[in-house]
Structure formats: C-alpha cells, structure tokens
Engineer: 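I'd like to ask some things about the structure below.
Index from 1, following the sequence. Counting convention: from 1, in listed order, for ligands and their atoms alike.
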Amino acid sequence: MAVTPPDIATALIHHPYRAPAGFEAPQPGVFKASTVFFPSVAAMRRTEWKDKTGYTYGLHGTPTTYLLEERLCTLEGGLQCVLSPSGLAAIANLSLAMLRSGDEVLIPDNAYGPSKALAAAELKAWGITHRFYDPLDPLDLAARISPATRLVWLEAPGSVTMEFPDLPALVRVCQARGAGLAFAPFDLTPGSSPALAVDFSVHALTKYPSGGGDVLMGSVITRDPALHMAVKLTHMRLGLGVGVNDIETILRSLPSMELRYKAHDEAARELARWCQSRSEFVQVLHPALAGSPGHDAWRALCKPGPGGAAGLFSVMVDPRFSQAQVDAFCDQLKLFKLGYSWGGAVSLVVPYDMASLRTGWPAVLKPGRVVRFSIGLEGAADLKLDMAQALSSALA
Ligand SMILES: *Cc1c(COP(=O)(O)O)cnc(C)c1O
C-alpha cells in the first residue's frame, strides 16, 4: 500500500506512483535535469558519466542528450559527440581543448567571421597565435604550417563567398605535416582509404538540423577516444551545458532534414541559375555551378543530384551599383527577410562588406558587392518574382 505523507507540502513533492515502463511514441521522451538522483551513496560514488554508462548531473547529459549525440554520430560516421550551446561554442570548446599557449591555429581566410574573432581576441589573450591560409591553395596551407601548428580548420564551402576547397588535398597537406584537423566528414572521398580523414567534425546544428531558425546548438564529433575525452573534459570544465528543450527541437527536426535539405538545394540551384542570367550580377557563387570557385572540388566530393549542395549562394553585384543601391535591393525584398544564419523555412538575405571579411580581395572573385541568400522552403517561382521586383525597383 502506498504511504501518503501527512504534510501536504511533503505530499506535493513525494508521491509513490510510477508510470508503467514501455511507453513508445514517434518522439522520444524529454528528460530534464540539473539534479539526478542516485539510489545509494555507493552508486553515487561509482556512477560514471564520461562513457554514457550512467547519469550524474544535468551538465553531463540526460537520456535526451545522449540520444541526440548518438544519432549525430551515426549520421556523421563518428564515434563520440559533444553538444554545445551554439556552433560557435563548439568551435571554442574544441579550440580550448586542443590549443595551449605557444600553439598556432590555421584558419581558412573565408572562414565564419566569429571564428576568426575568437582566434583574434580570446585565443590571442591565452598566447595562442593564428594565421589565415588560402582555402583554394593547398600549397599556401603547406607553406604556413609550422612546428607550432596544432590545429587546422577546414570549412566547406566558405562562409559568404562559397568557395569549395579541395578537402582531400588539404587533409593530405596536414597529415604530411602531422597537424590536427577540424571540420569535415570522416571519410572525405567515398570509397577511399579511411586514412584520408579529419580528427573532428564540427557542426552548427542551428542550421539544417534545426531547420526552425529558433534554436542554437553545436556539436563536436570525433572517432578518437583521446581527442573526444579532451573535448568532453573542457566542455565539462567550461560548463557548456545544452538545454534539453532545445535538444528536443533538434530531435524533432532531424527526421525531415534529408527532405528539407534537398528542397533547399533544388530551389537554391534554380535561383542561382536564374541570377546568372541577370546582368546586375557579375558572378554567382554556388559550388554546384560550373565556373564557381571550387566547383571541381565540389563535384569530386559531393553527390551531383539533389542534396549534394545546400540552400546558400551569393551574388557579386556589378560594381557600377553603389552600396546604397545594393542595400535598397535587399530592403525591397519581401519574402526574403534580412537576417543572419540559415537553414530555416524563411529565405534570408545579407549584404556583406568584403573588406571586413577577408585579408585581401580573393583572385577568384570579380570586383563587386557581395549579397548572400539563404533559400528557404517557399516556392522557387515566388522567390524569383520577389528578386525580380526588388532588382527592377532598386537596381534599375
Ligand atoms: C553558423 C556557423 C557557425 C556558428 O554557429 P552558431 O550556432 O550560429 O553559433 C560557425 N561556423 C560556421 C561555418 C557556420 O556556418
């Protein structure tokens, strides 16, 4: 017989009922915790969280955390995953786990801007130096690797300017020099030797895995237990916990990611091709378009059909138009909203200032003013009409 405590205050907190086990539904249960209970002091002392054999504290994960981590490992071909509160936090987590004072990190010149800022301000303050390399030139990377180089970031394609690097060639350069690597799949050429692999894959789950434009999260995936443990311990010491309600939204979005990704890709290619036909744009930057920087490297590594590219592309607006006219074009768009990030249902646009993004004007880019589009899930014909009306009203 269940014993009900006599004090209502206690009865409100402690109750003997336990729902039957075995409940299954399309979405997994959401387990929230800072505190986790142990059945005994002995269990408390013995329970280990590092290898997912138990639960100790919310920061170290709940069943919901473990579930998303394992699903991401499977998708990526990794063995261990650590979640962070944003993609940038995942980059910081990995950086602080791998780099020590006196070390150097190499970053592609077209990298995500805030990653560069992390190196230029935070890492620098810890005595860690950084250098930028030309992502389209493996020889440039080779020339910059020094005995102090401890970490090399790869990004494919580059943020904003969309160059697709020759990842296998960059990896070969790093392996020849014994440097660590970051960001890209674990098997760079399908069917190739697993030796052509990176050490870490970092994702912004904020983008396509979420697909909602409403949650921030990042992941660091590894195959090497020692590298994983270094990231995991830094993650724990920095307290980079991820809210379980946010994890739930990613778990809810994952089943549709393949379909969404294909739809984003198809519409983006259609719009990019249409932009090629417009005289206002002197260059369209989309890795799947012949002639776009890195197109050959993209074709060698990615599947050509739907899902082989993403929903992002940029245009170089003819320099005869002023920045004010380009800004007016962006303002005139109705379906495209002005906003950062991508991967959601709503199409987005951002005009960028190239001078603030790069160390110099890249040889592969024609002179002009860069505008980046993130193609959402609206009808491509409607997006085209929207672009057409904004072009004729702002860039006439
Ligand atoms: C989006 C993105 C990030 C940052 O992710 P957040 O979740 O927004 O912090 C970092 N690097 C790259 C290449 C990205 O595309």
Side-chain angles (χ1 to χ4, degrees), residues 68 72 76 81-96 105-123 130 132-133 135 151-165 167 170 181-185 198 200-221 231 235 238 240-243 245-247 249-250 253-254 257 260-261 264-265 268 285-287 294 298 302 309-314 337-344 346 348-350 352 357-358 370 372-376:
L68 180 58
L72 294 173
E76 191 74 356
C81 172
V82 176
L83 299 177
S84 283
S86 70
L88 185 56
I91 292 169
N93 182 173
L94 196 166
S95 300
L96 293 176
V105 52
L106 298 184
I107 302 171
D109 195 41
N110 60 357
Y112 179 71
S115 300
K116 292 172 144 184
L118 170 75
E122 301 297 333
L123 298 183
H130 67 281
F132 299 117
Y133 70 90
L151 184 67
V152 177
W153 287 94
L154 310 176
E155 204 172 300
S159 286
V160 183
T161 42
M162 307 301 297
E163 304 96 322
F164 202 94
L167 292 173
L170 295 176
L181 279 162
F183 186 57
V198 300
F200 303 98
S201 168
V202 179
H203 278 291
L205 307 177
T206 307
K207 312 282 179 36
Y208 296 104
S210 153
D214 58 351
V215 64
L216 289 153
M217 205 178 305
S219 61
V220 179
I221 299 177
V231 171
H235 179 270
L238 291 175
L240 297 175
V242 176
N245 288 111
D246 285 347
I247 294 177
T249 68
I250 306 287
S253 296
L254 275 186
M257 186 168 79
R260 289 185 281 109
Y261 199 84
H264 287 292
D265 177 8
L285 304 165
H286 184 304
W298 173 83
C302 300
L312 274 191
F313 73 93
S314 295
K337 301 297 177 189
L338 288 159
Y340 296 108
S341 200
W342 62 81
V346 179
L348 302 172
V349 62
V350 185
Y352 278 96
L357 294 178
R358 303 293 282 266
V370 181
R372 188 187 71 196
F373 301 103
S374 163
I375 304 304

Engineer: Would you check if there is a donor-acceptor pair between the side chains of T161 and R358 at a distance under 3.5 Å?
Structural biologist: yes
Engineer: Would you check if the side chain of H264 reaches a backbone N or O of I375 as a donor-acceptor pair within less than 3.5 Å?
Structural biologist: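 Checking the backbone N and O of I375 against the side chain of H264, a donor-acceptor pair under 3.5 Å is found.
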Engineer: So, the side chain of K116 versus the backbone of P108: is there a donor-acceptor pair under 3.5 Å, distance only?
Structural biologist: no
Engineer: Applying side chain to side chain contact (heavy atoms under 4.5 Å, CB included) between C81 and each of V220, L68, I221, report the one that passes.
Structural biologist: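 With C81 as partner, V220, L68, I221 yield a single side chain to side chain contact (heavy atoms under 4.5 Å, CB included), made by I221.
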Engineer: If the cut-off is 4.0 Å to any non-hydrogen atom of L88, which atoms of ligand 1 fall inside it?
Structural biologist: 4 (C), 5 (O), 6 (P), 9 (O)
Engineer: What atoms of ligand 1 come within less than 4.0 Å of a heavy atom belonging to E155?
Structural biologist: 13 (C)
Engineer: Show which atoms of ligand 1 fall inside a sub-4.0 Å distance from at least one heavy-atom site of A204.
Structural biologist: 1 (C), 2 (C), 5 (O)
Engineer: Ignoring angles and geometry beyond distance, decide whether T206 reaches within less than 3.5 Å of ligand 1 through its nitrogen or oxygen atoms.
Structural biologist: yes
Engineer: Tell me the contacting part of I91 for ligand 1: side chain, backbone, both, or neither, using a 4.0 Å heavy-atom threshold, strictly below.
Structural biologist: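 The answer is the side chain.
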Engineer: Which option, G87, S341, A90, A92, owns the non-hydrogen atom nearest atom 5 (O) of ligand 1?
Structural biologist: G87
Engineer: In terms of relative ring orientation, are Y261 and Y208 parallel, tilted or perpendicular, with 30° and 60° separating the classes?
Structural biologist: perpendicular
Engineer: Using a 3.5 Å cut-off on N or O atoms only, is L216 in polar contact with ligand 1?
Structural biologist: no
Engineer: Would you say ligand 1 has an N or O under 3.5 Å from any N or O of K207?
Structural biologist: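 Yes: some nitrogen or oxygen of K207 is under 3.5 Å from one in ligand 1.
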Engineer: Could you check which of Y340, Y112, W342 puts a non-hydrogen atom nearest to atom 8 (O) of ligand 1?
Structural biologist: Y112
Engineer: Please examine the side chains of M217 and T249, heavy atoms only from C-beta on, and report whether any two atoms are closer than 4.5 Å.
Structural biologist: no
Engineer: Which heavy atom of A309 sits nearest to which heavy atom of D265, and what is that distance?
Structural biologist: N-OD2, 3.1 Å
